[in-house]
Amino acid sequence: MAETSSLTTTNNDDLKALVRTIPDYPIPGIQFRDVSTLLLDGEGFRATIDRIAALVDPAQVDLVAGIEARGFIVAAGLSYKLGKGKLMLRKSGKLPGATVGIDYALEYGTDRIEMHQGAVRPGQRVLLVDDLLATGGTALAGAALLRGEGAIVDQAAFVIDLPELGGAERLRDVGITPLSLITFEGH
Ligand code: AMP
């Protein structure tokens with residue numbers, strides 16, 4: 001039997017209402033925007049994927065690249081919806097084959113993401129995907145890694161954008177159009 005949908009609005013406030021905010025996680029002062037509650041809602045997840053897909057021109061996408069771990073979930077939905085392959089940008093040491101990677105700065109320390117060598121062919125257009133855009137450091141690292149392998153990265157899709165943290169601006173500065181459904185004020 002089909003689920004009844006309560007998601008009838010055309011803006012994305014219905015989806016925003018499904019995101020849970022956990023204050024002071026993982027450190028005091030951060031409002032963690034938790035998409036796990038949105039993912040628990042079948043119609044909400046379907047609408048999330050459908051609405052992001054509607055922002056994307058499929059003719060401009062050869063592959064969808066998801067950033068570990070929540071980005072994988074969104075990327076998988078988009079990959080299915082758009083009929084494109086998907087590529088995993090993983091944390092260090094997780095991929096079994098030969099990898100290429102990039103280190104990037106966090107507020108404290110550094111992190112590293114990797115992909116399989118040869119996963120993307122030069123000239124392929126890659127849609128970069130994560131659950132949330134904050135400072136943009138993670139997405140910029142992903143874009144730099146993909147571009148270093150010859151991919152064209154000119155759009156990146158997120159469920160949530162935190163505009164005050166400047167990530168969207170930083171992506172635009174390097175020629176990437178940020179697409180998102182929901183914004184939250186503050187950090
Ligand atoms: P950034 O590199 O600063 O754009 O941070 C983006 C990454 O960190 C994404 O993978 C997010 O899942 C995660 N993230 C950063 N800030 C938050 C937040 N306030 N709530 C939930 N996830 C966050």
Side-chain angles (χ1 to χ4, degrees), residues 2-3 5 7-16 18-19 33 35-91 94-95 97 100 102 113-134 136 138-161 167-168 170-172 174-183:
E3 283 180 66
S5 174
L7 302 175
T8 52
T9 56
T10 50
N11 65 27
N12 297 310
D13 285 350
D14 50 349
L15 302 181
K16 188 170 180 173
L18 293 171
V19 176
R33 308 300 181 177
V35 295
S36 74
T37 43
L38 169 61
L39 300 177
L40 284 169
D41 189 297
E43 286 296 319
F45 179 65
R46 180 183 284 170
T48 299
I49 297 302
D50 287 348
R51 292 180 203 176
I52 297 176
L55 301 174
V56 172
D57 177 359
Q60 299 298 313
V61 179
D62 298 311
L63 275 180
V64 179
I67 300 174
E68 187 169 0
R70 292 180 295 274
F72 288 172
I73 299 169
V74 183
L78 285 171
S79 161
Y80 178 83
K81 177 81 181 173
L82 298 171
K84 309 292 180 181
K86 71 193 79 57
L87 181 159
M88 291 181 282
L89 296 176
R90 298 213 64 178
K91 304 267 162 68
K94 300 279 191 179
L95 287 166
V100 283
I102 187 168
I113 50 171
E114 298 178 339
M115 60 182 267
H116 271 144
Q117 262 175 30
V120 67
R121 290 191 302 279
Q124 281 193 305
R125 293 176 174 274
V126 179
L127 173 66
L128 185 62
V129 174
D130 204 354
D131 67 325
L132 182 145
L133 176 63
T138 310
L140 283 170
L145 178 56
L146 290 161
R147 284 175 166 178
E149 294 302 288
I152 298 167
V153 184
D154 55 17
Q155 44 185 353
F158 307 88
V159 181
I160 298 167
D161 178 24
R170 286 190 192 100
L171 288 177
R172 281 191 205 97
V174 298
I176 297 171
T177 304
L179 310 169
S180 62
L181 298 179
I182 299 167
T183 60

Minimum heavy-atom distance [X]-[Y], with the two atoms named:
{"X": "L89", "Y": "F72", "answer": "O-CE2, 3.7 Å"}
{"X": "A139", "Y": "L133", "answer": "CB-CD1, 4.4 Å"}
{"X": "A75", "Y": "A65", "answer": "CB-C, 4.4 Å"}
{"X": "A119", "Y": "L87", "answer": "CB-CD1, 3.9 Å"}
{"X": "V61", "Y": "V64", "answer": "CG1-CG2, 4.3 Å"}
{"X": "G123", "Y": "D62", "answer": "O-OD2, 4.3 Å"}

side-chain contact (heavy atoms from CB on, under 4.5 Å) evaluation trace for L127 with L82: CA-CA 11 Å; L127 173 66; L82 298 171; 4.2 Å; yes
Quick one: pull up [atom1] in [X] and [atom2] in [Y] and give me the separation to the nearest 0.5 Å.
{"X": "Q124", "Y": "L146", "atom1": "CD", "atom2": "CG", "answer": "10.5 Å"}
{"X": "I182", "Y": "L15", "atom1": "CD1", "atom2": "CG", "answer": "5.0 Å"}
{"X": "I73", "Y": "L78", "atom1": "CD1", "atom2": "CG", "answer": "12.5 Å"}
{"X": "I160", "Y": "R33", "atom1": "CD1", "atom2": "CZ", "answer": "8.0 Å"}
{"X": "D41", "Y": "L18", "atom1": "CG", "atom2": "CG", "answer": "4.5 Å"}
{"X": "L63", "Y": "K84", "atom1": "CG", "atom2": "NZ", "answer": "9.5 Å"}

Set of residues satisfying side chain to side chain contact (heavy atoms under 4.5 Å, CB included) with respect to V174, sequence neighbours excluded: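 With neighbours one apart ignored, the set is L140, R147, I176.
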Going by heavy atoms in the side chains, are [X] and [Y] under 4.5 Å from each other?
{"X": "I113", "Y": "E68", "answer": "no"}
{"X": "F158", "Y": "D130", "answer": "yes"}
{"X": "T48", "Y": "L181", "answer": "yes"}
{"X": "L179", "Y": "V56", "answer": "yes"}
{"X": "Y80", "Y": "I49", "answer": "no"}

Side chain R51, main chain S180, donor-acceptor under 3.5 Å: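 Between the backbone of S180 and the side chain of R51 there is no qualifying donor-acceptor contact (under 3.5 Å).
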Any residue meeting side-chain hydrogen bond (donor to acceptor under 3.5 Å, both in side chains) with K81, in chain and number order, not counting sequence neighbours: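 Scan of K81 (side-chain hydrogen bond (donor to acceptor under 3.5 Å, both in side chains), adjacent residues dropped) gives D50.
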Pair R125 + D57: basic N to acidic O under 4.0 Å: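 A salt bridge is absent here (no side-chain N lies under 4.0 Å from a carboxylate O).
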